[in-house]
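Remarks on the structure that follows.
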Protein chains: 2
Amino acid sequence: MYDQLKLENQLCFRLYTASRLVTQAYRPLLEPLGLTYPQYIVLMALWERDNQLVGDLCRRLMLDTNTLTPLLQRMERQGLVVRTRGIADGRQTLVSLSKKGLALEEQAKEVPACMVGSWKCNPIEPEQLMPFLNTLDNLINTLKQ
Amino acid sequence: MYDQLKLENQLCFRLYTASRLVTQAYRPLLEPLGLTYPQYIVLMALWERDNQLVGDLCRRLMLDTNTLTPLLQRMERQGLVVRTRGIADGRQTLVSLSKKGLALEEQAKEVPACMVGSWKCNPIEPEQLMPFLNTLDNLINTLKQ
DNA sequence: GCTAATTAAATCGTACACGACAAAATGTTA
DNA sequence: TAACATTTTGTCGTGTACGATTTAATTAGC
C-alpha cells in the first residue's frame, strides 16, 4: 500500500468530490428556473456580455465545442438563447440571449445568496476565502498551460 | 448586471473548472494503464482495502449506485475487478480486485509524482497546501449534510 | 483564380453523473 | 407466517465531458 495512492492524500479526489457536491447543492435552486448548472454558467457568461461567438464562450468557460455545441442546442430548444450564423464570417455562430434568457437574470440573482444561506455552518472562514480562491486560480492557470 | 452573478465571483465555477482540468491532466498518465479517472479512484479505494461491497464504495467515493454500478460493470468487462453476489445476504454485491487490477498498483504508484512533476511552475505553495485541503474538506463535509 | 492550409463549429462514440424508478432479498410484526 | 416495510443493488433516461473526426467557410500561396 503506497501512501501516495491513498484517497486521503489526493488533491484531485477532493476537487472532484467538492465540485460534484456543490453542483448538486445548486440543483434545487436551479431546477425552478429550468436550468442545469452548466446551462447556468453559460447564462452567466451571456448576462455579463450578450452576443458572443461559440468560440468566445469556449474560452470563457474553458470548455470545448464538443461540449458547448450540444449544450447550446439544448438551450436553444428550451428558448433560452438564439444561435445565428455569422454574417461577416460564415463559419461563426453567434449566441444571443432570448427574451426568456434575459428575463431569467432577475430570478437568478437570488441564487448565490440562497446557496450560501443553505449551509447550516459556514464551511469557509471569511479570512480563508481569498487564499482559497487564489489557490484555485493558480491551479486553473497552471493547468490551462 | 449583478455582481453576485459574475463568473469571477463564483466559487463553484472555479471548483468545476479546476476539477475538470485536473482530471484532464490525469488522462495522459492513466491512458497507458487503460484507466479513466473514476476507474482510478475506484481502484485506489480497493487497493486500500480489497473486497468491498458496492455500498461501501458508494460511501467511500460519495457516489450513488446509479453511477457506480455501470462503472463497476465496465471495469469487470475490462478484467479489473470481479463482482460476486453476497453469500450471507443475497442483496449485496462484493467487489474484489482481479489479478490484473491488483498488479496495476505497481504502475499506478508513479502517477501522483508524475502529475506534480508535469507542472512547469508550482500552482500551490507548500504552506498553502494544508489550509487549501482543509477548506476543501470543510466544504465537502458541509455539503454531505 | 485555383488549390492547399487554416479556422470555426458541428458530429460521433464512449464514459460518466444523477434523479427517478424497479427488482430482489431480507426484516418486521401482528 | 403472511403481509408489509426496509435495504441493497440495478435499470432507465437525460445531460454533460471529451478525444477524434468531419464539414463548411475563409485565407494564403502561387
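A/Tyr40 places its OH atom 15 Å from the P atom of D/dT16, with the value rounded to the nearest Å. What separates CG of B/Asp89 from P of D/dT7 is a distance of 12 Å, to the nearest Å. One atom, CG of A/Leu53, and another, C1' of D/dT26, lie 15 Å apart when rounded to the nearest Å. Counting to the nearest Å, the P atom of D/dT8 and the CD1 atom of B/Ile87 are 17 Å from each other. Atoms CG (A/Leu72) and P (C/dA8) sit 16 Å apart, rounded to a whole Å. With rounding to whole Å, B/Arg85 atom CZ is found 8 Å from C/dA24 atom C1'. The nearest whole Å value for the distance from the CG atom in A/Leu30 to the C1' atom in D/dG15 is 14 Å. As a whole-Å value, the separation of B/Arg83 CZ from D/dT9 P is 11 Å.
Checking the phosphate oxygens (OP1, OP2) of C/dT11, a side-chain nitrogen or oxygen of A/Gln73 falls inside 4.0 Å. Side-chain N/O atoms of A/Arg91 include none lying less than 4.0 angstrom from OP1 or OP2 on C/dA10. OP1 and OP2 of D/dT11 both lie 4.0 Å or more from every side-chain N or O belonging to B/Thr69.
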Set out, in order, the CA-CA distance, both residues' side-chain angles and the distance that settles side-chain hydrogen bond (donor to acceptor under 3.5 Å, both in side chains) for B/Gln4 and B/Gln10, then state yes or no.
CA-CA 8 Å; B/Gln4 72 271 24; B/Gln10 297 298 318; over 6 Å; no

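A cation-pi contact, defined as under 6.0 Å to the ring centre and within 45° of the axis, links A/Arg20 to A/Tyr16.
Formation of a donor-acceptor pair under 3.5 Å by the A/Trp47 side chain with backbone atoms of A/Leu97 is not found in this model. Side-chain N or O atoms of A/Thr142 include one that pairs as donor or acceptor with a backbone N or O of A/Asn138 at under 3.5 Å. In this structure, B/Arg83 contributes its side chain and B/Thr93 its backbone to no donor-acceptor pair below 3.5 Å.
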5' to 3', nucleotides 13-23 of chain C under a 4.0 Å protein heavy-atom cut-off (B base, S sugar-phosphate only, - none) gives --SSBBBB---

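Using modelled atom types, one finds a donor on one side chain and an acceptor on the other under 3.5 Å when comparing B/Asn51 with B/Ser96.
With salt bridges taken as basic N to acidic carboxylate O contacts below 4.0 Å, one links A/Glu8 and B/Arg60.
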